[in-house]
Amino acid sequence: MADESTRPVVLTDDMRMKFNAVSTATLAGQLQARGMRNSFLSGLKPLNENQRMLGYAHTLRYVPKREDFERREQGPNAQRRAVESIEQDEILIVEARGEAHAGTIGDIFAQRVKSLGGAGVITDGALRDTPAIAKIGLPVYHQSSHAATLGRFHTPLDHQIPIACAGVTVFPGDIIVGDGEGAVVIPALIAEEVANASYTQEIEEEFAFLKVAEGESSIGLFPLSDARRPEFEEWLKTR
């Protein structure tokens, strides 16, 4: 089982419901309002259309290729150790230095992540065996596809340490939410607060969208003003 160092927060049923109901845009906005301007994994695209992702970060770090590394390390490398230690609801998130010219994970390891109960894979590098990974049905975010193995440019160094993926600092156990737009990293210790605020915001914006679609001005609706709140509260009773 994961210990406290890698699960600083546990996703409750209520948190899961709320995170699965909101967009990454809303989450990024809520984090920005709290002074965290760098939470969206920029430049990464979802592998499959309309996919959703929710889980705990399980980090893996690659460094530039060093040819003598295999002689310095005993046993399975960090990539295999990371994949084989994935636990339920964990997302394998890879720091691949933004390198697009070598695959960082292929279909067999992606299938292993799914078989162990993992919730997805993220790499700021390239996928290998991309068509096969797409058929697995696991949520995946990546920068590009490339047929070469990671050994072309990368050495797997360590896992379950702080990393930088797509320009975002990620700690083991952080909460990651993904949708059709991309994925966002939520610091574990404020995850519940962000889930609650994001869910409230999306309900208010649902009301605003309906009113604007009926022809009303967005002024006073987006964001919701105190003057319109009584009307919103009445609408909420029958939502």
Side-chain angles (χ1 to χ4, degrees), residues 2 4 6-46 48-58 88-91 93 118-120 122 139 141 165-239:
E4 291 182 358
T6 56
R7 290 282 174 90
V9 67
V10 175
L11 287 166
T12 64
D13 289 343
D14 182 67
M15 290 169 68
R16 290 178 185 275
M17 181 276 292
K18 290 174 178 175
F19 277 133
N20 282 322
V22 302
S23 69
T24 55
T26 295
L27 291 167
Q30 286 291 337
L31 288 165
Q32 185 174 336
R34 289 162 174 77
M36 298 180 185
R37 297 179 294 174
N38 198 34
S39 61
F40 188 79
L41 296 166
S42 300
L44 306 189
K45 56 191 176 185
N48 292 311
E49 188 176 358
N50 299 321
Q51 69 182 29
R52 292 286 310 191
M53 172 187 280
L54 174 62
Y56 307 92
H58 187 121
Q88 186 73 32
D89 297 328
E90 288 187 337
I91 295 165
I93 180 166
I122 298 173
Y141 294 85
C165 181
V168 178
T169 298
V170 187
F171 283 82
D174 280 345
I175 303 303
I176 302 176
V177 180
D179 61 10
E181 189 161 29
V184 64
V185 178
I186 303 160
L189 297 182
I190 61 168
E192 185 171 14
E193 174 188 340
V194 171
N196 292 336
S198 298
Y199 189 68
T200 297
Q201 177 185 332
E202 291 240 347
I203 295 175
E204 292 179 354
E205 290 185 1
E206 178 184 343
F207 173 73
F209 185 89
L210 290 172
K211 293 299 181 181
V212 170
E214 292 172 357
E216 289 195 41
S217 167
S218 64
I219 298 172
L221 288 168
F222 180 67
L224 187 66
S225 68
D226 291 340
R228 299 300 297 267
R229 186 161 294 278
E231 182 183 356
F232 165 75
E233 296 293 346
E234 286 299 314
W235 169 82
L236 194 58
K237 292 176 184 179
T238 58
R239 174 179 175 269

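The structure displayed is predicted, hence computed values, not measured ones.
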Query raised in the report: Looking at Q30 and V194, what are the two nearest heavy atoms and their distance?
Result: CB-CG1, 4.3 Å
Report task. Could you grab the distance from atom CG of L54 to atom CD1 of I91, nearest 0.5 Å is fine? Result -> 6.5 Å
Report task. Evaluate salt bridge (Lys or Arg N to Asp or Glu O under 4.0 Å) for R229 paired with E234, printing each intermediate quantity in order. Result -> CA-CA 9 Å; R229 186 161 294 278; E234 286 299 314; over 6 Å; no
Query raised in the report: Does I93 reach the side chain of I176, with side-chain heavy atoms less than 4.5 Å apart?
Result: yes
Query raised in the report: With the threshold set at 4.0 Å, does a side-chain nitrogen-carboxylate oxygen contact exist between R16 and D89?
Result: yes
Query raised in the report: Taking atom OG1 of T26 and atom CD of E204, what is their separation to the nearest 0.5 Å?
Result: 11.0 Å
Query raised in the report: Got T24 and F40 here, is their nearest side-chain heavy-atom distance under 4.5 Å?
Result: yes
Report task. Mark yes when over 12 heavy atoms from residues, nucleotides or ligands other than F222 sit less than 6.0 Å from its CZ; otherwise mark no. Result -> no
Requested in this report: Could you pull out the closest heavy-atom pair between R7 and Q88, with the gap in Å?
Outcome: NH2-O, 2.9 Å
Report task. Could you tell me the separation between the OG atom of S198 and the CD atom of E193, rounded to the nearest 0.5 Å? Result -> 9.5 Å
Query - P187 side chain near L31 side chain, heavy-atom distance below 4.5 Å - result: yes
Query raised in the report: Can you name the ring pair (Phe, Tyr, Trp, His ring centres under 6.0 Å) partners of Y199, sequence neighbours left out?
Result: none
Query - Sub-4.5 Å side-chain heavy-atom contact between L27 and I186 - result: yes
**Report entry** Gap between atom CG of N20 and atom CG of D179 - 0.5 Å precision
**Finding:** 10.5 Å
Query raised in the report: Does the pair I122 and L41 meet the rule for a side chain to side chain contact (heavy atoms under 4.5 Å, CB included), with working shown?
Result: CA-CA 9 Å; I122 298 173; L41 296 166; 3.9 Å; yes
Report summary line: On a heavy-atom basis, the closest approach of G120 and M53 is CA-CE, 3.7 Å
Query raised in the report: Counting heavy atoms not belonging to E192, are there more than 12 under 6.0 Å from its CD?
Result: no
Requested in this report: If the plane angle is over 60° it's perpendicular, under 30° parallel, otherwise tilted; pick one for F207 and F232.
Outcome: perpendicular
Query raised in the report: Which pair of non-hydrogen atoms, one from S23 and one from E202, has the smallest distance, and what is that distance?
Result: N-OE2, 2.8 Å
Query raised in the report: More than 12 foreign heavy atoms under 6.0 Å from CZ of R239: is that the case here?
Result: yes
Report task. State, with a plain yes or no, whether a side-chain heavy atom of N196 is found less than 4.5 Å away from one of D14. Result -> yes
Query - Close side-chain approach of Q201 to E206, heavy-atom, < 4.5 Å - result: no
Requested in this report: Please report the shortest heavy-atom distance between A188 and G173, naming the atom on each side.
Outcome: CB-O, 3.6 Å
**Report entry** Nearest-0.5 Å distance that lies between atom SG in C165 and atom CG in L44
**Finding:** 5.5 Å
Query raised in the report: Is any side-chain heavy atom of I175 less than 4.5 Å from a side-chain heavy atom of V185?
Result: no
Requested in this report: Evaluate the side chain to side chain contact (heavy atoms under 4.5 Å, CB included) criterion for residues F209 and V212: first the C-alpha distance (whole Å), next the side-chain angles of each, then the deciding distance (0.1 Å), finally the verdict.
Outcome: CA-CA 5 Å; F209 185 89; V212 170; 5.9 Å; no
Query raised in the report: Which pairs, with at least one residue in residues 210-219 and sequence neighbours excluded, count as a side-chain hydrogen bond (donor to acceptor under 3.5 Å, both in side chains)?
Result: K211-E231, E216-R228
Query raised in the report: Nearest heavy-atom pair of G55 and A119: which atoms, and what distance?
Result: CA-CB, 4.4 Å
Query - Heavy-atom side-chain contact between L11 and F19 under 4.5 Å - result: yes
Query raised in the report: Rounded to the nearest 0.5 Å, how far apart are NZ of K18 and OG1 of T200?
Result: 6.5 Å
